[in-house]
Every structure is written in C-alpha cells, then in structure tokens.
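Below, each value reflects all heavy atoms present in this structure, side chains not excepted, and no hydrogens, waters or symmetry copies.
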Amino acid sequence: MKALQLTAPSLTAFRQTELPDPKPGLGEVLVRLRAATLNYLDVAIATGNIPGVSFPMIPVADGAGEVAALGEGVDKVSFGLAIGDRVIPHFMPHWQGGAITPRHVAAMRGLTLPGSLADYVVVPAASLVALPAHLDFVQGAALPIAATTAWNAVRSAQLRPGSVVVLLGTGGVSIFALQFAKASGATVILASSSDDKLERARQFGADHLINYRATPAWDSEVLKLTDGRGADLVVETVGAATMARSLNAAAVGGTVFTVGFVTGTTSQIDLFPIIVKALRIVGNNTGSVADLAEAARAIVAHRIVPVIDRVFGIADTAEAYAELSAGGRHFGKLAIVH
C-alpha cells in the first residue's frame, strides 16, 4: 500500500513510501482510508512536543474510509459491519466507553499506532463508528477528535435553551461547539481576531461577536453582554494566554472546559475566582468510542455539516501542516485526501 511517513520531528520530514498491506486479525477490520483531517495534536507530534513517538511513523489521528475486509469473528450480526460500509475509526481504539485509563492513552492513532495517511489501516471492529449518511469522507474525517471534544464540552455544562457559551477562535473544536450549542438552544459568544471569520461565525449562528484584537479584555465584554452574569460554559481552546480571562468570563457555577494548548501549557492563575464562583475546571482528552457515536447521532439528528476550510492532496501534506501550524488562518478543519 501507499503511505506517507513522518521520519523525524519536523514539519518537512514527510516521505511517500510503499508498505505491505496490513491484514485484519481476530476482532479487527481493514479500513480503506479516503480522507484525513488535522488537529493541533498532529502538529505537536510533528514538532517533537509530544513524548512517546517513534519515527518513522504514519501520522494524523483522524480519518474516514470504508470497510475493505473483516477479520475473524467480525460480521454483520456481531458488530453491524459489512464490506463497503463507510466508517470512522476512533482516535483511541481501545477506549470503548467509561472513564479514561492509562491503557487508553497508551494506544493512539497517529502517535503510537499507524495514523490516517495510508491507503489502509487495521483497527479493532469495536472502535468503528458509522459515518453519518449525509456526510462525505472529508466531512466524516473531521469527527473523531474535534466533534467528540466539542460534544463532551456541551454535555459537561448540560446546556439548555438560555445557556450562554463562550468560544475562542474558529478552529475545528470551536466551530463544532458552535453548531452543537446552537442545536441545544444556547446563546453563543465567539471571539476571534478576524472580522471576516466573525462574520462567517455569525452565519453559523453565533449571537455575539468579539474581535479580541480590538477588544483585548474580551472577558469584560462577555460580562457586559450578559449583564454581569458570565457564561455557563467557556470552551478554552487556546491555553496559557487566555486561561485567566476564561475564568473571569465564566458565570457562578459555570464550567471552563479546557482542551487547548496552542499558546502553551503553563499558566499562572488566580485561584480566587475558581473558589468564589465555584467553577468547574474540566480537562478533556477527546472521548471514548461511545462519545464519538453520541456526537455522530447528534450530527445526524440536527443535520450538522462539519466546516472544512481547505482540502489538500496527500502530496501537499507538508503545506497542510504549515497552514495549521501558522495558527489563526483557517476556519473549521483542514483536510487531506488520498
């Protein structure tokens, strides 16, 4: 099979190669991959900021494709799978449900396991989720990390009509969170440095828009927009640079759902607002197969279509990585097709 390998921790160390076709074993499925989408995790791996990576490796955690072969014990009765089914492999294939464990974290596609930049991949049958019928392969490839994370964010705050959500930026998680939050009846405040992106966010349902370059104290603006109450949910996708403002923007009893680290992982924060407002600080490492399946069902129910900013050919993978690592230029997801 054809595959793209990352040979070193560098954004330019990609090489195309030929590898033996993998074969599914007991309880496994061979998936013919058709598309992949990038997350900041992929850039962090490619820049040597994630430990435990052995090079060369097949990168990119998220992908989608179709069932090409079934291993022993896998059939329509036992797993609901047949050859030709369109499927989405989960990022952590051994995390079926429940609380995350060290075993789950130890096995991740595109990090310790082969990723999505190859013609084929073998995965456990139990790690596959059906690709929603109204989505194509590129759109389906956006679901494993970004949609699952956004879905868990919305669930963490038990959003309902009238809830207020603050989103930072217009990356994949933020845009999925915007779509899920609006489906829940929530009011969404979105902050970005680009007026063009803010206008696009308005078209997807964002109720209030803040340009944080023009208004650096965006947390104060959130409080003003909510008559001093703050947000029931802040989806913290940026990291160290914005954590203190996210805490300030949260309402009493609110949730700060922290998933991002693009501005670093070390932050000095004041504990006082956490204590006084009884905030819930929720860390997240994506979610389980069951969480991905729930997100997919919500996407079907509300006819949500993932937002894809650009699609690259596999030969242009380095360009796709460069675009993501530049930060702040894309709206939604960046995809790579085979």
Side-chain angles (χ1 to χ4, degrees), residues 35 37 39 61-64 80-81 85-93 95-100 126-190 200-201 203-207 231-237 255 257-260 280 282 284-309 331-333 335:
T37 63
N39 297 281
D62 285 355
L81 292 169
D85 285 352
R86 303 189 318 146
V87 292
I88 306 167
H90 189 264
F91 166 50
M92 297 185 195
W95 188 10
Q96 306 306 311
I100 193 168
S127 72
L128 294 173
V129 170
L131 198 161
H134 70 288
L135 303 185
D136 60 28
F137 287 120
V138 169
Q139 294 162 343
L143 270 57
I145 289 180
T148 306
T149 299
W151 177 248
N152 280 334
V154 167
R155 289 198 311 166
S156 74
Q158 299 178 325
L159 294 188
R160 56 184 60 86
S163 296
V164 177
V165 178
V166 169
L167 303 175
L168 307 180
T170 56
V173 172
S174 292
I175 299 303
F176 269 121
L178 168 60
Q179 293 170 303
F180 286 138
K182 294 310 298 179
S184 302
T187 295
V188 175
I189 303 170
L190 187 142
R200 288 190 67 186
Q203 295 169 11
F204 282 93
D207 299 280
D232 300 285
L233 171 66
V234 181
V235 183
E236 175 46 78
T237 53
T255 298
F257 193 86
T258 178
V259 298
R280 296 175 66 243
V282 180
N284 176 265
N285 193 344
T286 309
S288 66
V289 177
D291 293 328
L292 171 58
E294 274 193 5
R297 286 194 294 271
I299 284 168
V300 170
H302 297 286
R303 304 295 292 179
I304 290 171
V305 176
V307 180
I308 307 298
D309 185 275
F331 186 99
K333 299 287 289 182

Could you pull out the closest heavy-atom pair between [X] and [Y], with the gap in Å?
X      : Y      : result
Pro132 : Val300 : CB-CG2, 3.6 Å
Val235 : Ala177 : CG2-CB, 4.5 Å
Ala335 : Ile308 : CB-CG2, 4.1 Å
Phe331 : Phe204 : CE2-CE1, 3.9 Å
Ala298 : Ile304 : O-CD1, 4.4 Å
Pro89  : Gly63  : CD-O, 3.3 Å

Next item on the list: Verify side-chain contact (heavy atoms from CB on, under 4.5 Å) between Thr286 and Thr149, making sure each step is shown before the conclusion.
Entry: CA-CA 5 Å; Thr286 309; Thr149 299; 4.1 Å; yes
Looking at [atom1] of [X] and [atom2] of [Y], how far apart are the two atoms once the value is rounded to the nearest 0.5 Å?
X      : Y      : atom1 : atom2 : result
Leu190 : Arg200 : CG    : CZ    : 12.0 Å
Leu168 : Thr237 : CG    : OG1   : 5.0 Å
Asn285 : Phe91  : CG    : CZ    : 6.0 Å
Leu167 : Glu236 : CG    : CD    : 11.0 Å
Ile88  : Thr148 : CD1   : OG1   : 8.5 Å

Under a 3.5 Å distance rule, please check whether [X] uses its side chain to pair with a backbone N or O of [Y] as donor and acceptor.
X      : Y      : result
Ser127 : His90  : no
Ser288 : Gly98  : no
Asp62  : Ile145 : yes
Arg280 : Phe257 : no
Arg303 : His134 : no

Notebook entry, point to check: So Leu143 and Val129, side-chain contact (heavy atoms from CB on, under 4.5 Å) or not? Walk me through it.
Noted result: CA-CA 10 Å; Leu143 270 57; Val129 170; over 6 Å; no
Item checked: All pairs passing side-chain hydrogen bond (donor to acceptor under 3.5 Å, both in side chains) where residues 155-175 contributes a residue, at least two apart -> Asn152-Arg155, Arg155-Asp291, Arg155-Glu294
Item checked: Sequence neighbours excluded - side-chain hydrogen bond (donor to acceptor under 3.5 Å, both in side chains) pairs with any residue from residues 176-189 -> Lys182-Asp207
Notebook entry, point to check: Side chains of Ile299 and Gln139: closer than 4.5 Å at any heavy-atom pair?
Noted result: no
Next item on the list: Show the numbers, then the answer: is there a side-chain contact (heavy atoms from CB on, under 4.5 Å) between Val307 and Phe176?
Entry: CA-CA 8 Å; Val307 180; Phe176 269 121; over 6 Å; no
